[in-house]
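Read the numbers this way: they start at 1 and go in the same order the structure lists the ligands and their atoms. Position 1 is the first residue of the sequence; numbering continues from there.
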Amino acid sequence: IMEHKPTINFGAGPAKLPQSASVDPRRFACVTNIPDNYKVMFLQGGGSGQFSAVPLNLIGLKEDRCADYLVTGTWSAKAAKEAEKYGNVNIVHPKLDSYTKIPDPSSWTLNPSASYVYYCCNETVHGVEYNITPETNGVVLVSDMSSNFLSRPVDVSKFGLIFAGAQKNVGCAGVTVVIVREDLLGHALQECPIVLDYTVQADMNSLYNTPPCFSIYIMGLVLEWIKNNGGSAAMETLNKRKSALIYDIINASNGFYVCPVDEACQSRMNVPFRVGKKEGDDDLEKKFLDGASKLGMISLKGHRSVGGIRASLYNAVTLEDTEALAAYMRQFQKEHQ
Ligand code: PLP
């Protein structure tokens, strides 16, 4: 995936990458299949940077400068808000009261003149994950896969663009993977900052500006680890088993644990749940977190905007780790019900 050759670095910049910041799509192929007519870029600015980069590069694909957005959680809501700066944004479904489901595709009104259709494949805060690829009748499909990238196989050929911040499943913060179909390049708006211009970055193998070398290096190691452990298909098997362990306990708890998300779109990456009752019992949830922390299980507190508990089961969380959480949940229910 990356070539590691001992080198003497006479470069003027920070530690140089073994080769360049470019990863040939064919090298990525051992973990996920990327057709030859796609460019893979490693950019900075995080997932949030892509909330701007996507409209700046793609909303001009058609004259109307319209884009369709599916808003199923905090991250797609932020992306839609950012896109409004650059064109007309159409939220394709009735507004949701709570981010706990994916509106039925029969309720979507897609605009055939839209430049692209955008969705967030896994809403990290709410634990809402698409198990379908939205059908767009030929309109370019764009997906934020920041929190489920390489957690399962993806048919890249269905997408115009996929982006993912590395920090969940493929490394550490600092680098964002952007996979874009080549024919979508060359349409950036005039005001697009040059570091976000896909055409410039693709032409220069992500080296227009100094790349985040260390984050890319770590990502190379993680990709190797994924490859050596069976690729994205094996990650999917493992992630299904891990998440099922937790959802099974929730479902068998007679309402002691409650996951607010519709079963059809419960995330394998982020499992949100309340303790004690549907809206959560604050004291019990605090006890749950304190007890978990004493056992070395940390960062289980739900996002501040939703509260409750959230177990994130990214690729690096092992089956054994998840079993430890499952055992704790069973024990906690026995003691506090
Ligand atoms: N998209 C999703 C799905 C995320 O989970 C996050 C961050 O957690 C972001 C976008 C924003 O990423 P960043 O913090 O790298 O800007």
Side-chain angles (χ1 to χ4, degrees), residues 41-58 67 69-85 89 96 99-102 116-134 141-152 154 159 161-180 193 195-196 198 201 206 211-212 214-216 218-219 222 235 239 243 261 265-272 298-308 310-317:
M41 291 175 280
F42 295 161
L43 304 182
Q44 300 183 67
S48 307
Q50 292 307 309
F51 297 167
S52 322
V54 165
L56 280 163
N57 282 275
L58 301 185
Y69 275 72
L70 288 151
V71 175
T72 50
T74 305
W75 294 115
S76 47
K78 284 192 172 177
K81 190 155 185 280
E82 183 64 13
E84 279 171 7
K85 293 180 183 168
V89 168
L96 296 169
Y99 293 131
T100 52
K101 61 175 177 236
I102 291 168
Y116 60 88
V117 177
Y118 179 104
Y119 77 109
C120 175
C121 197
N122 184 63
E123 285 286 359
T124 322
V125 171
H126 311 276
V128 172
E129 185 171 18
Y130 284 72
N131 290 311
I132 51 156
T133 304
L141 183 61
V142 174
S143 186
D144 173 1
M145 296 195 184
S146 292
S147 54
N148 63 354
F149 188 55
L150 297 189
S151 70
R152 58 181 190 178
V154 170
F159 295 84
L161 184 138
I162 291 170
F163 71 84
Q167 63 265 34
K168 310 290 199 292
N169 275 319
V170 286
C172 58
V175 61
T176 306
V177 181
V178 177
I179 303 171
V180 63
V195 290
L196 295 181
Y198 295 148
Q201 290 287 16
S206 311
F214 185 73
S215 301
I216 296 174
I218 296 294
M219 185 168 68
V222 177
M235 293 299 120
N239 289 322
S243 54
V261 181
C265 53
Q266 286 176 343
S267 169
R268 291 178 197 153
M269 295 284 97
N270 313 98
V271 183
I298 58 164
S299 296
L300 278 162
K301 199 171 191 314
H303 191 271
R304 60 193 172 278
S305 63
V306 291
R310 174 179 54 168
S312 291
L313 306 175
Y314 299 124
N315 285 348
V317 174

Inset, instruction - Using side chain to side chain donor-acceptor pair (under 3.5 Å) as the criterion, list what pairs up with Glu82, not counting sequence neighbours. - result: Ser52, Lys85

Legend entry - Gln266 side chain near Val271 side chain, heavy-atom distance below 4.5 Å: no

Inset, instruction - May I ask you to decide if the ring planes of Tyr69 and Tyr116 are parallel, tilted or perpendicular, using 30° and 60° as cut-offs? - result: perpendicular

Legend entry - Contact residues of ligand 1, where a non-hydrogen atom lies under 4.0 Å away: Gly46, Gly47, Ser48, Phe51, Trp75, Cys120, Asn122, Thr124, Asp144, Ser146, Ser147, Gln167, Lys168

Inset, instruction - Just do the side chain to side chain contact (heavy atoms under 4.5 Å, CB included) check on Asp144 and Phe149 with the steps written out, would you? - result: CA-CA 9 Å; Asp144 173 1; Phe149 188 55; over 6 Å; no

Inset, instruction - Give the intermediate values and the outcome of side-chain hydrogen bond (donor to acceptor under 3.5 Å, both in side chains) for residues Tyr314 and Asn239. - result: CA-CA 8 Å; Tyr314 299 124; Asn239 289 322; over 6 Å; no

Legend entry - More than 12 heavy atoms of other groups within 6.0 Å of Ile132 CD1: yes

